[in-house]
Amino acid sequence: MKDRIRYLLADAARKAHQAGALPSDVFPGIEIEEPKIEAHGDYATNFAMVMAKNQKMAPRRIAEILTAHLDGAEDLIAETAIAGPGFINFHIQPAAWAPLLKAIPAAGERFGAADIGQGRKVQVEFVSSNPTGPLHVGHGRGAAVGDAVANILAFCGYDVQREYYINDSGRQIRTLGLSVLLRYKALLGQAVDFPEDCYQGAYIRELARELHDRHGETLLAQEEEAALMSSARFAAEKIIAGIRQDLIDFGVTFDQWFSEQSLYDSGRVAACIQSFRDTGQVYEKDGALWFKTTACGDEKDRVVVRGDGRTTYFASDIAYHQEKFERGFERVIDVWGADHHGYIPRIKASVASAGIDPDRFEVILVQLVNLLRGGAPVAMSTRAGEFVTLQDVVNEVGRDAARFIFLTRHYANPLDFDLEVAKQKSNDNPVYYVQYVHARIASIRRKAANMPAGPVDDADPAGLACLDTPEDVALIKHLVRYPAVVTAAARQMEPHRITFYLMNLAGAFHSYYNKQRVLVDDPVTSHGRLYLVTAVQTVIRNGLTLLGVSAPERM
RNA sequence: GCGCCUGUAGCUCAGCUGGAUAGAGCAACGGACUUCUAAUCCGUAGGUCGCAGGUUCGAGUCCUGCCAGGCGUACCA
């Protein structure tokens, strides 16, 4: 619809210039917007105001000239008006709306998609929780955001790969191994001193029991280092398997699980460091090896190899991100917790050092989740092992409610997640409000199948012509907006735009439902309205699918 | 100190990359079920968009400076 108006305006501007009414033939881009106020019409443009300087004319005068040269628009535009400092407002013919619906069943589950990716390869890396414990709610938000962003980009024509990076190397894995090994020894009757910096959670004891089930008492006979590594490997594998299952239960799957350790095993980290030595991007100071990240805007240089010869976490990160780009991704997107924001400059610096445009590396920083129960904060201490796991939350409130709520805020804002509210099947809980639309329409369609209203999936011009009440038009206008919302969500990587759109569309539908009966005595009207609500159902389902939320037939 | 994020109705938040008179939900108050699902709808009320400047025809939106809150600022991961 906007494109048609844009075309008409461009045509009018050209004709006005040819007729000598406009001095310049240089025209700015045409922005069409939807006014907030109904009296300002269905669409409006600031076109006349934007070109005022160039044309050296008053905006309102230009608007008059433009509207006078609008041509061939009678069946589309009922009325134009010039308002304020020079807006042109367009009132669309009520009958012009309904035919737009035909695009929805025509595209079906692809409705809303625009090919802005054009097959370009994008990687979205998310969750990537350390395999030292189960996922908690914060990871759940990252999972919901990452998965939805990946869905949206894929829907919009990108070739998307989802990846989970496993930090299965370094000191924390040793700590995990030690924690489990100590609990294992205690289990076998040895007196052990359990240090405070070991993982305290109950799941560590559980892992120790499983370690015993698998290996019996054989680890006691091994040397300390060997036993520790056995314990660490066993525990990490178990935990990763648990994380993978938790994510499956949450509706999230990955194309690849990438091991940090593999970067060391393949010699990739060492090669990376060597190449930086060769190109002089690293230097020695105080016995350590430093990377010149300040050259790319970081506030200080960063250590890649410590004085004791061990590499830092940053070293493998450098190698990892270079490896990503070598795999051919045009864009590499990492979803991180907001507490990691300080790492962006150094990773960007490392990417730039490898001769890659750092803008191709993007980070989505997801703010933290405050878990509440009935308004009261739930204790979340990782160190003490007291935290509510993602699995607990999914079991308690359900996958759909959890995922939807995670996406009801811009990710840059902290989120209060109240378990009691998430369980409520009321207006407080928007997921049911949206899903209810789908179920209600499914119910109408079931009923219609038993009526002589005829087939509903073909557009009947007479039926469409019945869709001319203000309620019909309001609903159609909502549906027409959907593709633009998807495009904006993809460009900005902001899934919450779809969430809010769906809540608004749901409101428009529920309102319609209470005002207009779909199945009425007149079969032609019934047909038209059934066609309309079926289109609503399709858009609701498409949107929910992008968010990873189900669209139920019954509730 | 420095860096990033945030500040919009009593509460929780949107605001389509600068448009016209500021938008929802919750909470409050008053209404609507003999009907395709009341997990719904309709109405009333609620605002100095943190503060102060600046940019221009026009600012919640962009720029600068303050104020407040969160997070970060390791040869930790």
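- An OP1 or OP2 oxygen of B:rC71 is reached within less than 4.0 angstrom by no side-chain nitrogen or oxygen of A:H340.
- Within the structure, the side-chain hydrogen bond (donor to acceptor under 3.5 Å, both in side chains) test picks out the following pairs touching residues 294-307 of chain A (sequence neighbours left out): A:Y283-A:D301, A:T293-A:D298, A:T294-A:D301, A:D298-A:R302.
- Within the nucleic acid shown, A:G307 comes within 4.0 Å of at least one base atom, counting heavy atoms only.
- Within the nucleic acid shown, A:H510 comes within 4.0 Å of sugar-phosphate atoms alone, with no base atom in reach, counting heavy atoms only.
- Among the protein residues, A:A412 comes within range of the sugar-phosphate backbone only, with heavy atoms under 4.0 Å from sugar or phosphate atoms but none that close to a base.
- Ring orientation note: the planes of A:Y501 and A:Y482 are tilted relative to one another, at an angle of 30° to 60°.
- If you check every strand for non-hydrogen atoms under 4.0 Å, A:R171 touches sugar and phosphate atoms only.
- Counting atom types as modelled, A:N46 pairs a side-chain N or O with a base atom of B:rG19 as donor and acceptor under 3.5 Å.
- The separation of B:rC67 from B:rC51, taken at their C1' atoms, amounts to 7 Å, rounded to a whole angstrom.
- With hydrogens and angles left out, the side-chain atoms of A:Q435 and A:D400 include a donor and acceptor closer than 3.5 Å.
- With A:I32 as reference, A:L9 is the one residue of A:L9, A:N46, A:I88 to meet the side-chain contact (heavy atoms from CB on, under 4.5 Å) rule.
- Between the CD1 atom of A:I441 and the C1' atom of B:rA39 there is a distance of 15 Å, rounded to whole Å.
- The two residues A:Y411 and A:M493 make their nearest non-hydrogen contact at CE2-O, 3.1 Å.
- As rounded to whole Å, 15 Å separates atom C1' of B:rG7 from atom NE2 of A:H410.
- Taking the P atom of each, B:rC63 and B:rG19 are spaced 15 Å apart, rounded to whole Å.
- Of the candidate nucleotides B:rG3, B:rA20, B:rA77, B:rG3 has the atom nearest to the side chain of A:E299.
- As rounded to the nearest Å, B:rG23 and B:rC4 have P atoms that lie 33 Å from one another.
- Centroid-to-centroid, the aromatic rings of A:H321 and A:F361 come within less than 6.0 Å.
- Side-chain proximity of A:W290 to B:rU73, B:rU12, B:rC75: nearest is B:rC75.
- For the residue pair A:H340 and A:D334, no side-chain donor N or O sits within less than 3.5 Å of a side-chain acceptor on the partner.
- Between the side chains of A:Q172 and A:T132, no donor-acceptor pair of N or O atoms lies under 3.5 Å.
- Remark: C1' of B:rC13 and CD1 of A:I405 are 14 Å apart, rounded to the nearest angstrom.
- Within the 4.0 angstrom heavy-atom criterion, base atoms lie near A:Q492.
- Between A:F406 and A:F417, the distance from one ring center to the other falls under 6.0 angstrom.
- Between the CD1 atom of A:I347 and the P atom of B:rG72 there is a distance of 18 Å, given to the nearest Å.
- Taking atom CZ of A:R346 as the reference point, atom P of B:rA77 lies 11 Å away to the nearest angstrom.
- When each of A:A338 and A:N413 is assigned the nucleotide of RNA chain B bearing its nearest heavy atom, the one mapping closer to the 5' terminus is A:N413.
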- How would RNA chain B look in dot-bracket form, 5' to 3', counting Watson-Crick and G-U wobble pairs with both distances under 3.5 Å and writing | for bases paired to another strand? (((((((..((((.....[...)))).(((((.......))))).....(((((..]....))))))))))))....

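- Counting only heavy atoms from C-beta on, A:P85 has its side chain closest to B:rC57 among B:rC75, B:rC5, B:rC57.
- Near RNA chain B, meaning a heavy atom under 4.0 Å from it, residues 497-508 of chain A has A:R497, A:F500 in order of number.
- Within 4.0 Å (heavy atoms only), A:Q516 reaches at least one base atom of the nucleic acid.
- A close approach under 4.0 Å does not occur between any side-chain nitrogen or oxygen of A:R440 and OP1 or OP2 of B:rU35.
- Within the 4.0 angstrom heavy-atom criterion, no nucleotide atom of any strand lies near A:A52.
- In this structure, the CZ atom of A:R302 is 8 Å from the P atom of B:rC75, given to the nearest Å.
- Considering only side-chain atoms of A:H40, the nucleotide from B:rA20, B:rC5, B:rC41 that sits closest is B:rA20.
- Distance A:L519 CG to B:rU35 C1': 11 Å, rounded to the nearest Å.
- At the phosphate of B:rC75, OP1 or OP2 sits under 4.0 Å from a side-chain N or O atom of A:K300.
- The distance between atom CZ of A:F291 and atom C1' of B:rC75, rounded to the nearest whole Å, is 16 Å.
- When the nucleotides B:rC36, B:rA20, B:rG15 are ranked by their closest atom to the side chain of A:I444, B:rC36 comes out on top.
- The existence of a salt bridge linking A:E34 and A:R481 is confirmed by a sub-4.0 Å separation between a basic side-chain nitrogen and an acidic carboxylate oxygen.
- Taking the six-membered ring where tryptophan is involved, the planes of A:Y320 and A:Y165 are essentially parallel, since the angle between them stays under 30° and well short of 60°.
- The listed nucleotides are B:rU40, B:rU12, B:rC75; the one nearest the side chain of A:A288 is B:rC75.
- A distance of about 10 Å separates the P atoms of B:rC49 and B:rA22, rounded to the whole Å.
- In this model, the phosphate group of B:rC26 is not approached by any side-chain N or O of A:N429 to a distance below 4.0 Å at OP1 or OP2.
- Between the side chain of A:H341 and the base of B:rC71, at least one donor-acceptor pair of N or O atoms lies under 3.5 Å.
- When the P atom is compared between B:rG10 and B:rG46, the two are found 11 Å apart, to the nearest whole Å.
- Backbone-only engagement by A:S511 is indicated by non-hydrogen atom pairs under 4.0 Å involving sugar-phosphate atoms exclusively.
- To the nearest whole angstrom, the two P atoms, one in B:rU61 and one in B:rG15, are 14 Å apart.
- With both ends at atom C1', the span from B:rA45 to B:rG7 equals 25 Å, rounded to whole Å.
- Counting non-hydrogen atoms under 4.0 angstrom, A:P414 reaches the backbone sugars and phosphates but no base.
- Nucleotides B:rU55 and B:rU64 are separated by 15 Å at their P atoms, to the nearest Å.
- Mapping A:G287 and A:F87 onto RNA chain B by nearest heavy atom places A:F87 at the nucleotide closer to the 5' end.
- Between the base of B:rC41 and the side chain of A:Y436 there is no donor-acceptor pair shorter than 3.5 Å.
- Side-chain to base pairing of A:D317 with B:rA77: no donor and acceptor N or O lie closer than 3.5 Å to each other.
- Within the 4.5 Å cutoff, no side-chain heavy atoms of A:V431 are placed close to those of A:R403.
- Below 30°, between 30° and 60°, or above 60°: for A:H496 and A:H410 the angle between ring planes is between 30° and 60°, a tilted geometry.
- Heavy atoms of A:A83 sit under 4.0 angstrom from at least one base atom.
- In textbook terms, a nucleotide whose glycosidic angle is within 90° of 0 is syn, while B:rC5, being further out, is anti.
- A cation-pi contact, defined as under 6.0 Å to the ring centre and within 45° of the axis, links A:R440 to A:Y513.
- Taking only side-chain atoms of A:A44, from C-beta outward, the nucleotide of B:rA77, B:rA20, B:rC57 with the closest atom is B:rA20.
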